[in-house]
There are 2 protein chains.
Amino acid sequence: MSKTVGIIGLGLLGGSLAKALKAYTDYDVVGYARRQEVCDAALQDGVVSQAWTEVEPLIEHSDIVVFSLPPDTNARLFTEVAHLFKPSQVVTDVSSAKENFVRAVYESIPKGTFFVSVHPMAGSEKGGYEVSHKNLFKGMGWIVLEDKASDVYNEEVAKELADMGRAVGSRIEFVDVYAHDAYLAMVSHMPHLIAAILTQVSGGDELGELRMRLSAGGFRDCTRVAGGLPSMWREIIYGNRHNVLEGLSKMEDEIRRVKEILSQEDEGQALEDYLHRSRDVRNKLPYLTGQIKNN
Amino acid sequence: MSKTVGIIGLGLLGGSLAKALKAYTDYDVVGYARRQEVCDAALQDGVVSQAWTEVEPLIEHSDIVVFSLPPDTNARLFTEVAHLFKPSQVVTDVSSAKENFVRAVYESIPKGTFFVSVHPMAGSEKGGYEVSHKNLFKGMGWIVLEDKASDVYNEEVAKELADMGRAVGSRIEFVDVYAHDAYLAMVSHMPHLIAAILTQVSGGDELGELRMRLSAGGFRDCTRVAGGLPSMWREIIYGNRHNVLEGLSKMEDEIRRVKEILSQEDEGQALEDYLHRSRDVRNKLPYLTGQIKNN
């Protein structure tokens with residue numbers, strides 16, 4: 001009999017995972033959503049075999065429980081329901097920032113229950129079950145977080161969750177759980193803030209409306225993530241603020257460096273060299289080719 | 001008999017303009033390209049009726065001459081060929097930064113020749129005739145630069161160039177020629193540098209390759225323009241560096257402000273408010289709906 005995966009939260013990420021597991025694996029998938037309409041929609045779409053507006057039955061029926069709510073909400077909920085988990089059951093989550101959830105799990109997980117965190121590197125500035133789709137993870141990274149020194153970590157579970165990522169089309173990366181948030185601050189959380197900052201600098205003052213009319217595709221894409229859900233990104237960024245602050249300081253240092261480059265009387269040669277280096281870095285992004293656009 | 005538009009430079013912008021004018025207007029279109037292969041391709045595609053690897057015959061045969069090379073290259077070329085223009089002939093350009101070209105034109109344009117600059121707000125991180133297409137301008141802004149105090153500016157010419165923008169599907173904006181570069185620094189040139197800076201901060205050091213493997217669609221889009229042609233962007237940004245430096249200073253001020261917000265012990269409330277304001281600004285971008293994606 002195939003194992004049951006229970007997904008807590010059927011938003012963009014949880015809903016897409018449910019759809020992808022249904023489409024590309026043999027897992028039985030069940031779900032929790034706060035709103036009955038979302039449960040009904042997922043049942044009607046046939047992506048879950050059962051859905052509840054309470055988490056208790058989901059935990060009872062699942063071999064693998066995936067927390068797919070915003071990071072702090074996941075953490076608070078886990079603390080409440082930790083006592084319901086049984087030995088050999090697997091807890092995982094798909095959050096973008098790990099510190100608070102990992103701490104909550106390590107504090108209250110019952111003996112014998114396993115925990116391996118994963119982070120599918122996929123998302124969109126739009127959220128909700130309506131925009132979820134089975135190919136959200138195709139061609140994207142799927143990080144499995146290692147903590148080999150911990151009792152709750154289990155190699156076989158890690159392997160199973162990596163296989164799950166492969167099955168939904170992702171590239172697998174193994175990363176140490178304690179290094180994860182620092183890396184993510186630099187490639188996701190700090191860039192998100194930079195997009196929000198850029199939006200306000202260029203569009204937030206009395207000339208902003210005119211400037212926005214004069215902007216084009218470059219500005220649109222640079223600032224796309226600033227359209228993301230504020231309540232969700234608040235939890236991600238604030239929960240990882242020490243790393244994000246460090247990233248912002250690095251941006252400040254680099255902006256100072258580029259201001260010096262612009263001030264040189266060299267007809268822009270140093271600037272061209274700088275732009276070349278940036279382009280070389282960016283052209284190596286692993287998902288620039290053969291990737292399904294998720295937005 | 002329909003007027004002839006001569007396009008100097010058949011790259012992404014010039015090539016797309018030739019294709020759009022051919023598809024959506026009655027203008028006869030002729031072209032100049034440095035390389036014979038590009039002339040041949042444009043002739044074979046039927047987007048120009050004649051093409052040369054020298055500019056002199058193009059100027060001789062055109063009623064409206066569009067400079068579509070990078071801004072400083074346009075400026076140098078204009079200075080060389082200014083004496084060839086005749087009264088009532090129209091000079092225009094499609095550069096992203098205007099200061100150097102406008103100065104070159106005002107210095108050497110013959111008496112009676114008209115000059116009205118336009119700036120189609122369209123582009124891509126890829127360049128060249130191969131990627132040009134007739135719908136590049138659809139739904140995008142098309143700025144007509146006004147300089148009503150100048151002898152070479154002409155209202156009827158401005159109206160004709162605005163109509164040309166409408167014909168290829170753009171929204172028309174009229175902007176004072178001396179204000180243009182300051183606006184564009186804030187919505188295009190400075191954001192371009194921020195994308196390049198972000199790329200190097202996140203991907204340029206010894207951990208960069210690993211971090212790039214952990215990045216996703218948000219990072220891809222925030223940094224898309226950093227894939228642009230360094231030699232072209234050097235001319236645009238360095239030519240407008242006084243305004244760009246001011247924009248970078250504003251970014252520094254705002255980053256400082258956001259670092260204070262992140263340091264507040266308020267569980268992220270001020271951060272969420274900040275993200276809300278950014279989202280509100282961004283959601284008002286005029287081209288977010290009903291626009292053809294150009295990349």
Side-chain angles (χ1 to χ4, degrees), chain A residues 121-122 140-141 143 173 183 186-188 191 193-204 211-227 230-231 233-234 237-238 241 245 248 250-252 254-255 258-259 262 268 271-272 275-276 278-279 281-282 285-286 294-295, chain B residues 121-122 140-141 143 173 183 186-188 191 193-204 211-227 230-231 233-234 237-238 241 245 248 250-252 254-255 258-259 262 268 271-272 275-276 278-279 281-282 285-286 294-295:
Chain A
M121 297 297 305
M140 306 308 286
I143 308 174
E173 304 281 349
Y183 293 142
M186 296 300 283
V187 296
S188 172
L193 267 188
I194 290 295
I197 289 168
L198 181 58
T199 303
Q200 293 211 28
V201 164
S202 301
R211 283 203 216 92
M212 293 301 93
R213 289 209 309 274
L214 304 181
S215 72
F219 190 81
R220 175 195 64 208
D221 288 357
C222 284
T223 60
R224 179 178 64 80
V225 293
S231 58
W233 282 95
R234 164 195 180 161
I237 293 171
Y238 195 81
R241 62 182 165 147
L245 280 164
L248 289 177
K250 287 194 177 144
M251 282 297 291
E252 288 178 309
E254 192 73 10
I255 289 174
V258 169
K259 285 171 83 173
L262 283 182
L271 174 64
E272 184 171 340
L275 295 174
H276 263 295
S278 292
R279 186 156 92 142
V281 171
R282 189 175 185 281
L285 285 181
N294 295 319
N295 54 74
Chain B
M121 297 296 306
M140 305 309 286
I143 308 173
E173 303 281 350
Y183 292 142
M186 295 300 283
V187 296
S188 172
L193 268 187
I194 290 294
I197 289 168
L198 181 58
T199 302
Q200 295 212 28
V201 165
S202 301
R211 282 202 217 92
M212 293 300 93
R213 290 209 308 275
L214 304 181
S215 72
F219 190 81
R220 175 196 65 209
D221 288 357
C222 283
T223 61
R224 178 177 65 80
V225 293
S231 58
W233 281 95
R234 164 196 180 160
I237 292 171
Y238 195 82
R241 63 182 165 145
L245 280 164
L248 289 177
K250 287 196 177 142
M251 281 298 288
E252 288 177 309
E254 191 74 8
I255 289 174
V258 168
K259 285 171 83 174
L262 283 181
L271 174 64
E272 184 172 340
L275 295 173
H276 263 295
S278 292
R279 187 158 90 143
V281 170
R282 189 174 186 282
L285 285 179
N294 294 317
N295 52 73

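Being a predicted model, the structure only gives us computed values, none of them experimental. FYI, side chains are in, hydrogens and waters are out, and symmetry mates aren't considered; it's all heavy atoms of this structure.
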Chemist: Would Leu285(B) and Phe219(A) count as a side-chain contact (heavy atoms from CB on, under 4.5 Å) if you check the C-alpha gap in whole Å, the side-chain angles of each, and the deciding distance to 0.1 Å?
Modeler: CA-CA 10 Å; Leu285(B) 285 179; Phe219(A) 190 81; 4.1 Å; yes
Chemist: What residue in Gly268(B), Gly203(B), Gly141(B) has the most heavy-atom pairs under 4.5 Å with chain A?
Modeler: Gly268(B)
Chemist: Relative to chain B, which of Ile197(A), Leu248(A), Thr223(A) shows the most heavy atom pairs under 4.5 Å?
Modeler: Ile197(A)
Chemist: When heavy-atom pairs shorter than 4.5 Å are enumerated against chain A, which of Leu275(B), Ile194(B), Ile237(B) gives the highest number?
Modeler: Leu275(B)
Chemist: Counting only heavy atoms closer than 4.5 Å, note whether Ile143(B) contacts chain A via side chain, backbone, both or neither.
Modeler: side chain
Chemist: Select, from Leu262(B), Leu193(B), Val281(B), the one with the greatest count of heavy-atom pairs under 4.5 Å involving chain A.
Modeler: Leu262(B)
Chemist: Please state whether the side chain, the backbone, both or neither of Glu173(B) comes within less than 4.5 Å of a heavy atom of chain A.
Modeler: side chain
Chemist: Nearest 0.5 Å please: distance from the CE atom of Met251(A) over to the CD1 atom of Ile255(B).
Modeler: 5.5 Å
Chemist: Counting heavy-atom pairs closer than 4.5 Å to chain B, which one of Val258(A), Leu214(A), Thr199(A) comes out on top?
Modeler: Leu214(A)
Chemist: Leu198(B) versus chain A, heavy atoms under 4.5 Å apart: side chain, backbone, both or neither?
Modeler: both
Chemist: Looking only at non-hydrogen atoms, find the nearest pair between Ser278(B) and Ala196(A) and report the distance.
Modeler: OG-O, 2.9 Å
Chemist: Would you name the heavy atoms of Val225(B) and Gly218(A) that are closest together and state the gap between them?
Modeler: CG1-CA, 3.6 Å
Chemist: Flag the pair Arg282(B) / Arg224(A) as yes when at least one side-chain heavy-atom distance between them is below 4.5 Å, and no otherwise.
Modeler: yes
Chemist: For Leu271(A), which atoms come within 4.5 Å of any heavy atom of chain B: side chain, backbone, both, or neither?
Modeler: side chain
Chemist: For Ser188(A), is it the side chain, the backbone, both or neither that has a heavy atom under 4.5 Å from a heavy atom of chain B?
Modeler: neither
Chemist: Below 4.5 Å from any heavy atom of chain A, which atoms of Val201(B) appear? Answer side chain, backbone, both or neither.
Modeler: both
Chemist: Tell me the closest heavy-atom pair linking Ala122(A) and Met140(A), and the distance in Å.
Modeler: CB-CG, 4.3 Å
Chemist: Considering non-hydrogen atoms only, spot the tightest contact between Pro191(B) and Cys222(A) and give its length.
Modeler: O-SG, 4.1 Å
Chemist: With chain A as the partner, which of Arg213(B), Met212(B), His276(B) has the greatest number of non-hydrogen pairs under 4.5 Å?
Modeler: Arg213(B)
Chemist: Counting N and O atoms only, with roles assigned by atom type, does the side chain of Ser202(B) sit under 3.5 Å from a partner on the main chain of Met186(A), one being a donor and the other an acceptor?
Modeler: yes
Chemist: Strictly distance-based, threshold 3.5 Å: is any side-chain N or O of Arg241(A) a donor or acceptor partner for the main-chain N or O of Lys259(B)?
Modeler: no
Chemist: Check each atom of Ser231(B) against the heavy atoms of chain A and say whether the ones under 4.5 Å are side chain, backbone, both or neither.
Modeler: both
